[in-house]
Structure formats: C-alpha cells, structure tokens
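As structure tokens, the structure follows; a few thoughts come after it.
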Amino acid sequence: MAASASSAINLSIKPSHTSLSWKTHLSSTSALAVSPLSGHRHYPRFVIYAVGDKPTVLVAEKLGEAGVNLLKEFADVDCSYNLTPEELCNKISLCDALIVRSGTKVSREVFESSGGRLKVVGRAGVGIDNVDLAAATEHGCLVVNAPTANTVAAAEHGISLLTAMARNVAQADASVKAGKWLRNKYVGVSLVGKTLAVMGFGKVGSEVARRAKGLGMHVIAHDPYAPADRARAIGVELVSFDKAIASADFISLHMPLTPATNKVLNDETFAKMKKGVRIVNVARGGVIDEDALVRALDAGIVAQLQAALDVFTVEPPKDSKLVQHENVTATPHLGASTMEAQEGVAIEIAEAVVGALNGELAATAVNAPMVPAEVLSELKPFVALAEKLGRLAVQLVAGGSGVKSVKVTYGSARGPDDLDTRLLRAMITKGLIEPISSSFVNLVNADFTAKQRGLRIAEQRSLLNGSPESPLEFIQVQISSVESKFASALSDSGEIRVEGRVKDGIPHLTKVGSFEVDVSLEGSIILCRQVDQPGMIGKVGSILSEGNVNVSFMSVGRVAPRKHAVMAIGVDDQPSNEILKRIGEIPAVEEFVYLKI
Ligand SMILES: NC(=O)C1=CN([C@@H]2O[C@H](COP(=O)(O)OP(=O)(O)OC[C@H]3O[C@@H](n4cnc5c(N)ncnc54)[C@H](O)[C@@H]3O)[C@@H](O)[C@H]2O)C=CC1
Ligand SMILES: O=C(O)C(=O)COP(=O)(O)O
C-alpha cells in the first residue's frame, strides 16, 4: 500500500444546506445549493463546462484562418487584436476562452476580472511565460498550448540567423542599400567544423542540432533534463553548462524562460566564452541579461562577439543600444511566423480549446494532468463514482465539524504503477468541497483548493487478487476526526466511511460505515438505520409513494437478523419535509439522513 498526502489547514463544514436529517440532527429544508453548472455534474466532464449554449472565445492576437473557422463551428468568436490591458480586463468577463500568442500578457488581473467565467486560455504557440499560470490554476482556468506546430519554423529561423550572422548578411544588406560596397569589411566565418552549443535540447533545440549537423558543424548540447539516448541518436554530446559555453564557437538558445534560465547569459558567463563567439536567441529575451550583452559587445571583452536576436526581454525592445548595435542582427519575434506554422498552430490551439470547452481533458494542458485517452475512457465511470462518494461523505459530517483529513483507499488488482489517481483525487476533492462552499473545483484547481482550505487527502492502495481487467474494484472515502449526523456512517474506528463500486458502468454505493448496502448513485439517497423487522421496506416505500417520490433502488444492510440494519433508498425526486418527517417518525427508525448526490 502506497500513501501520498497533500498538506492541510482547516475546512469548516457550514450548517447543512445539502442534506437533511432528523433525530440525530434537526435542520430545516433550506434550498439546496445548486451551482449554475450542476446540470452537468452527472457527466464525467473533467475540466470545465461551457456556460450557455455557445461559449464565447476571444481571439486576442492574429490566428490562422483555419483555426478561427474551426472555433466558429462551436463558439461565438470575437477577434479583437491590440487590446490594451484595461480593454482585455473589461472584455474578459464575457468570455469562456481566450486565445493569445506571445504579445498578450495574461496577468492575474485578467483572471480576477473574468469573474470566474474564463475557463480556458489557449496559447497559440509554445512559450507560456506571458500567462500567469499560478493565477490561472487558482481560478480553475485551464491553460493549453500548441507545442508542436511551430517547432520546425523556430528551428529554421534559428538556422537562418546562424548562417546570416556568420556571413554578416543583415549588416551587408543595410550597407549595400546605403550605397556602399564594403567587401573587405563583411568577411564572414565558415560554419563547417565549428562547434555549436545548443542550450536546451528539446523540440526546437534538437531540430536545430539536426540541421547544424547537416551543415557540417560539431554539435554539443546542454540540457539537464534531456534524455542521453535522444542526443546520441542525433550524434550530439550532452555536456555541462560551463563546458558548453566555454567550448562553443556558436551558441544557440532553446530553453524556456523560467526562474532557472532567467539571465542565464550574464557578465559572468560572457566572460567564460571564447573570443568571437556568436550567439543566436530564438527562445526568450529574458534568458540573456541584455545590459550585460551590450556591455560585452561594447567592451569587446569577447572580440567580435556577435548576436542574432529574435526575442527580447520587452517586446518591442526599448533598448535601442542593443538592437542598433552593429554586431547585432535583430528580427521581430518571427520564429513561429511561417504560413505553415501559423496554420498548424491555429488548428492545434483551436482543437485544444474546443476540446477543453467540451469538458475533455486536453492533451496539451499546461496546468493540469494530461491523461492519455485510453486511460481516460477506462476511468470515466470511476471518475463519476469518486465525485459522488466525496459529495456523500461530506454531507454526512455534522455541522460545525472541521474536515481536515480524508483518507481515500483505491481497491485494485492492478500494480501500483498502473493506476493514475490524479483525476480521481481531483473529483473526490470536488465532491468534498463543492457542497459546502461556493468554490468551483475542477481538475486544474483541485489540489490548490484543497490545500487552501486545509483539506488533507491521503491516498492509499489496497492491492486485490483477481482480474486486473478493470482499473478499480472499489473506492473508499473516509473522513476522520469529525462527528456525523448519521452515526451509522461511522466505521469501528470512528471515521465517516463510504465505499462504492461501478456496476454495469453505473456508480453504486456499497458500504456505509460497517453496513453493506447496494444503491445506485443517481438522484438522491435516504439512509435509514432501523431495528431490522418485517414490513420496514413497505412502510418507508408507501410513505414515499404518498409523497409521489419515485424509488429507484432499495437495499438493506444489517449486522444480523432483527438487529440494527441500514436501509439505503435511492429516490429520483426530492421528498418534501413532511414526507421525510413521517419516515423519521416510524417507531423502528433510529436515525436517518437525506443526501443529495
Ligand atoms: N521565437 C519564436 O517564435 C519561438 C520561440 N520558441 C521558444 O523556444 C523555446 C523552446 O521551445 P521547444 O523546443 O518547443 O520547447 P521544449 O519544451 O520542447 O524544449 C525546451 C528544452 O529546454 C530544456 N531546459 C529546461 N530548463 C533548462 C535549463 N535550465 N538549461 C538547459 N535546458 C533547459 C528542457 O529540458 C527542454 O528539453 C521556448 O522558450 C519557446 O517559447 C518556440 C517556438 C517559436
Ligand atoms: O511559440 C512560441 O513560444 C513563440 O515564441 C511564438 O510566438 P508567437 O506565437 O509568434 O507570438
């Protein structure tokens, strides 16, 4: 059994508004808390739900036509380019999704201004450094990108800059246009046999490496996370950062901008480079300390240092010293700008955004687990079960208790590595939190919301014998250190315990406390503890039928004949207060609770 846990503060249970019970806990039949999204809850939708019939997608930067057309089949599309930050914040509360490229800052203010409506941000490209991911996650907003369609375009642009810089193409072009003919001034250097250090050996970096090999260069790479066999397959040696920058004639940057890569080329690192090194940056401006680069260029610390830059810390760049420098070749962030890449990126992001708005898990999710499609289809019924068990368990907690600690046990015949529980944990969290708060919980923000509310969820596996055909046999949810409004839901060790299984694709409640029951988790449930005796099912059934409440399922779990029994009754309709009161007044009924699923 493996256990993992998230950290905790305190989750207070408000006075019951989603469940009713008599005898052990008297409360009124106040209105049920129904979120505007609750109509979708019975579907295994993982991430988000579109609000209204047609969602609205704001496309804030130029997107290829094929992508816009694809979006229009599904959504109202508002293509508004060049919005100021204020205009974006004003518009966003009317949008379910936002699509941007690198030119739009999707800041915390954008998420805060959305009033909870913004559910997907699509980045039509790779780098997501212009999106505040922490704020997106806190607001339950999925961020997806289009990570593959512009790889070749960026690699080709890197190679263009490399070759153009080696032969002073940009400078020579400008001088010819200025009426000069300076054949001696613009003598270049050859690429063949020179060492190229590729910094960041991911998709773009490895394509640059492949092309540079074709130009006869000796290619080394630095990437702490790249698999050695991928490098070996292309004939590239992975080396340390210091070795890469010290031995390179050319350095090409292809890592993302992160706290670790911010200004990774600086005064200190420039000083370690070879004389005459040439640097290409098609990644992000922020990986170079631009002031240090200007200093290195000016001081000639590195003789004939040259740089070819497609990206800048601030775009368009404000530092004219850098872009005006004679040894600098500059392009306006054109790496992804080919016709082919832009069409590809537009389709890739439109499909991801539409999928996410339809509640599918996105394969390119940046701030949520990516679950392969085949795993997803297997897990679907268990995802529904997980949410319902969470929802039931929390409704069994007596008002005033603080839920801090939840233990989830997954009963499975599969090996420990064969079950991805992130989705299940998120849905249990959703079930636990939504009935008692106004929070909207989804796969994106489940762990964050749990942590923020002080809800610790420990997961463990119970390895079962038997056929591993199904990913799971049962899920058990236990809430410890709380009082229950239905004492029979407490296990021998004092935790609220509910357990469920999937039968014929439908989630069933199969255990409450120590009592075995079997009731399908659809509609709502009445749990009743009574002294086991003939006629109980009939009595409860006839009271419900007098209230025109349709019973979908009934099951009785008992410890022994004529001793205590728990009756679980599935009902399609919500019984009135009066009907519930009459059930409570049956003399053999010791306690009961009405639970909304
Ligand atoms: N100029 C442009 O228009 C374009 C720029 N880009 C930028 O290029 C960069 C790379 O893109 P992809 O190759 O698609 O991403 P990727 O994720 O496939 O590759 C990035 C690589 O950088 C590595 N890395 C992470 N931290 C590192 C560190 N501290 N030192 C060295 N390597 C590190 C990662 O392990 C990964 O292998 C991104 O910043 C992206 O935004 C991408 C496309 C177009
Ligand atoms: O994909 C990336 O990371 C890029 O930098 C491309 O940016 P763009 O979409 O052209 O603004």
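One-based numbering, in listed order, for ligands and for the atoms of each.
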Proximity to ligand 1 by part of His333, non-hydrogen separation under 4.0 Å: side chain
Heavy atom of the protein closest to atom 42 (C) of ligand 1 (residue, atom name, distance): Val126 CG2, 3.9 Å
Within-cut-off N or O pair, Gly125 and ligand 2, under 3.5 Å: no
Residues Thr338 and Glu156: side-chain donor-acceptor under 3.5 angstrom: no
Sub-3.5 Å N/O-N/O distance, Gly103 and ligand 2: no
Region of Asp223 engaging ligand 1 - heavy atom pairs below 4.0 Å: both
Selected option - heavy-atom contact closest to atom 12 (P) of ligand 1, from Val204, Val152, Thr151: Val204
Ligand 1 versus His254: contacting region, heavy-atom distance under 4.0 Å: backbone
Nearest-contact summary for atom 33 (C) of ligand 1 - protein heavy atom, Å: Met255 CB, 3.7 Å
Min N/O separation Arg123 to ligand 2 under 3.5 Å: yes
Closest protein heavy atom (residue, atom, distance) for atom 15 (O) of ligand 1: Lys203 NZ, 3.8 Å
Atoms of ligand 1, numbered as shown, that sit under 4.0 Å from any heavy atom of Asn150: 43 (C)
Sub-4.0 Å atoms of ligand 1 with respect to non-hydrogen atoms of Gly127: 41 (O)
Among Pro256, Ser102, Pro332, Gly200, closest by any non-hydrogen atom to atom 25 (C) of ligand 1: Pro256
Side-chain donor-acceptor contact under 3.5 Å, Asp78 with Ser80: yes
Atom 1 (O) of ligand 2 [closest protein heavy-atom partner, distance rounded to 0.1 Å]: Val126 N, 2.6 Å
Side-chain donor/acceptor of Arg123 to backbone N/O of Gly127, under 3.5 Å: yes
Atoms of ligand 1, numbered as shown, that sit under 4.0 Å from any heavy atom of Phe201: 37 (O)
Heavy-atom nearest neighbour of atom 3 (O) of ligand 1 within options Ala244, Ala336, Ala260: Ala336
Close approach, Met199 and ligand 1, non-hydrogen under 4.0 angstrom: no
Contact with ligand 2 for Glu61, non-hydrogen, under 4.0 angstrom: no
Which segment of Ser102 sits under 4.0 Å of ligand 2 when only heavy atoms are counted: both
Contact with ligand 2 for Gly335, non-hydrogen, under 4.0 angstrom: no
Atom 5 (O) of ligand 2: the protein heavy-atom neighbour that sits closest, reported with distance to 0.1 Å: His333 NE2, 2.7 Å
Asn150 and ligand 2 - part of the residue with a heavy-atom distance under 4.0 Å: side chain
Modelled atom types, side-chain donor and acceptor of His325 and Asp298, under 3.5 Å: yes
Min N/O separation Gln342 to ligand 2 under 3.5 Å: no
Region of Val282 that comes within reach of ligand 1 [heavy atoms, distance under 4.0 Å]: both
Set of side chain to side chain donor-acceptor pair (under 3.5 Å) partners for Asp76, sequence neighbours left out: none
